[in-house]
There are 2 protein chains.
Amino acid sequence: MRRTKEEAEKTRVAILASAERLFLEKGVAHTSLDQIARDAGVTRGAIYWHFQNKAHLFNDMLNQVRLPPEQLIERLCICNQREPLQELYDLFVEALASLGHNEQRLRIFTILLHRCEFTDELREAEERHNAFIELIIELSEKLLASVSDRLQPGVTPRLAALALHGMAVGLFTDWTRNPSLYDPDRDPPLLLDTLFNGLIRDWRSSPLPDCLA
Amino acid sequence: MRRTKEEAEKTRVAILASAERLFLEKGVAHTSLDQIARDAGVTRGAIYWHFQNKAHLFNDMLNQVRLPPEQLIERLCICNQREPLQELYDLFVEALASLGHNEQRLRIFTILLHRCEFTDELREAEERHNAFIELIIELSEKLLASVSDRLQPGVTPRLAALALHGMAVGLFTDWTRNPSLYDPDRDPPLLLDTLFNGLIRDWRSSPLPDCLA
DNA sequence: GCTGTTACATACAGTCTCGATTGTAAATAT
DNA sequence: ATATTTACAATCGAGACTGTATGTAACAGC
């Protein structure tokens with residue numbers, strides 16, 4: 001019965017894929033480990049071998065798509081080489097657009113936003129998630145503070161950071177709720193432009209330079 | 001053992017209150033009807049008497065705070081008497097600010113956004129929720145189309161409606177995730193102003209007229 | 001070629017949960 | 001005053017789920 005290491009890795013991947021499917025379809029709490037195991041063609045023993053429990057399985061699934069904090073810090077903090085505001089803008093546009101281009105990201109974020117409840121079972125995952133969010137807000141705030149002279153009158157860096165993250169989360173939520181509402185290529189830059197126009201003075205004189213004809 | 005009608009209503013309210021508490025604390029799926037019954041000082045029999053099942057209990061809980069669609073239509077559609085854009089702005093500002101002033105709204109929206117998973121058990125509630133959201137977007141789009149000459153160049157009514165709702169949902173999500181991030185009196189108008197500045201040309205020459213000194 | 005370990009499968013115990021049924025005492029109708 | 005309904009309580013049965021413990025066959029090292 002014992003498999004070689006690469007075969008074991010294949011069952012691990014299969015378990016993750018089945019969990020993703022079933023979590024999306026039935027929700028995290030309403031999916032049992034036995035259902036996941038059956039779907040993956042194994043038994044619960046295999047799951048308990050590869051993952052400590054359901055919460056860890058959930059976490060490992062999330063880590064497939066959540067970019068590591070170091071990468072985020074690198075982009076938003078060490079952005080001396082480029083225009084900081086453009087870097088911030090690009091980051092959020094890319095994050096949004098990725099929902100339209102990477103189906104696994106779409107599925108996993110749908111699970112995260114609509115198919116799971118953060119309770120003591122997933123407390124650890126929730127805390128990591130919250131820490132990640134507050135990191136984004138904090139880094140955005142610092143970046144915006146460094147160019148505070150370009151903010152619209154009455155807009156503080158903190159307020160701008162909250163607005164920016166709020167809008168991103170909301171668009172993620174709405175997008176995953178109903179993907180057909182959005183055009184993954186056209187809408188992200190347009191939506192972010194409108195907000196940046198409200199945050200940054202003279203963000204863009206023309207609505208779009210000439211990115212798309 | 002039989003109670004009078006008003007006593008029965010009191011147990012119904014007690015059940016709803018206990019459900020609210022426990023749903024918030026442990027998530028909808030992870031809360032059993034027996035736990036709710038114990039918390040309310042009754043047995044499951046009382047719950048099954050007043051509510052058909054957990055999904056209906058959940059729905060009745062939501063209906064305590066979700067404003068009826070007619071009211072929404074009345075405010076956004078029959079807004080001839082006032083400035084339509086101001087009406088739209090006020091609606092979203094009020095909705096946001098209510099989170100800071102009505103603790104029950106805060107709790108129930110926290111449950112809705114962070115403590116429940118929309119799966120076949122709650123499919124009916126999900127569909128109502130989606131219909132409500134799409135109504136908001138649709139009404140906003142129509143309202144914005146009626147004043148399309150005031151939109152910033154390159155901003156379509158549909159895009160503006162998506163941006164507006166997206167931001168609202170995101171702020172609701174972030175706010176319920178961590179209420180300490182926001183000042184319920186100061187932040188909602190400021191946040192909405194930044195977005196409206198990006199959507200509407202000459203929304204406000206001064207950041208705030210003189211609402212607060 | 002033997003051994004220890006790996007990668008699972010199987011079995012077991014225990015709890016939890018739901019839904020249905022039945023019981024019942026008091027309120028209400030007549 | 002009696003009958004009926006209400007507003008629950010209590011019980012029952014059946015299944016699902018988790019975690020753990022044990023079994024086991026094949027691989028990897030020596």
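Residue numbers start from 1 in every chain, and the chains themselves are labelled A, B, ... in the order their sequence lines are given, proteins ahead of strands. As the structure is a prediction and not an experimental result, all values here were calculated from the model.
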[X] [atom1] to [N] [atom2]: how many Å, rounded?
X       : N      : atom1 : atom2 : value
B:Ile36 : C:dT17 : CD1   : P     : 10 Å
B:Glu7  : C:dA25 : CD    : P     : 17 Å
A:Phe51 : C:dA7  : CZ    : P     : 13 Å
A:Asn53 : D:dT20 : CG    : C1'   : 13 Å
A:His50 : C:dC8  : NE2   : C1'   : 8 Å
A:Glu9  : C:dC8  : CD    : C1'   : 15 Å
A:Glu6  : D:dA28 : CD    : P     : 9 Å
B:Ile47 : D:dT6  : CD1   : C1'   : 18 Å

Give a yes or no answer on whether the side chain of A:Thr4 reaches the backbone of A:Glu7 with a donor-acceptor pair at less than 3.5 Å.
-> no

Any sub-3.5 Å donor-acceptor pair from A:Glu20's side-chain atoms to A:Met61's backbone N or O?
-> no

Picking from D:dC8, C:dC8, C:dA9, which would you name as closest to the side chain of A:Thr43?
-> C:dA9

Between C:dC8, D:dC8, D:dA7, which nucleotide gets closest to the side-chain atoms of A:Thr11?
-> C:dC8

Measure the shortest side-chain to side-chain distance between A:His30 and B:Asp120 over non-hydrogen atoms and say whether it is less than 4.5 angstrom.
-> no

What's the shortest heavy-atom distance between A:Arg115 and B:Phe118, and which atoms?
-> CD-O, 3.5 Å

Do you know which two heavy atoms are closest between A:Gly198 and B:Asn197, and how far apart they sit?
-> CA-CB, 4.0 Å

Run the side chain to side chain donor-acceptor pair (under 3.5 Å) check on B:Asp39 and B:Gln35 step by step: do they pass?
-> CA-CA 6 Å; B:Asp39 188 87; B:Gln35 292 169 332; over 6 Å; no

Protein-nucleic acid N or O pairs under 3.5 Å, nucleotides 11-18 of chain D:
| from | atom 1 | to | atom 2 | distance (Å) |
| --- | --- | --- | --- | --- |
| D:dT18 | OP2 | A:Leu33 | N | 3.1 |

Verify the contact: side-chain N or O of A:Trp49 to OP1 or OP2 of C:dA7, cut-off strictly under 4.0 Å; return yes or no.
-> yes

A:His50 and A:Asp60: side chain to side chain donor-acceptor pair (under 3.5 Å), yes or no, with the steps?
-> CA-CA 11 Å; A:His50 285 286; A:Asp60 288 6; over 6 Å; no

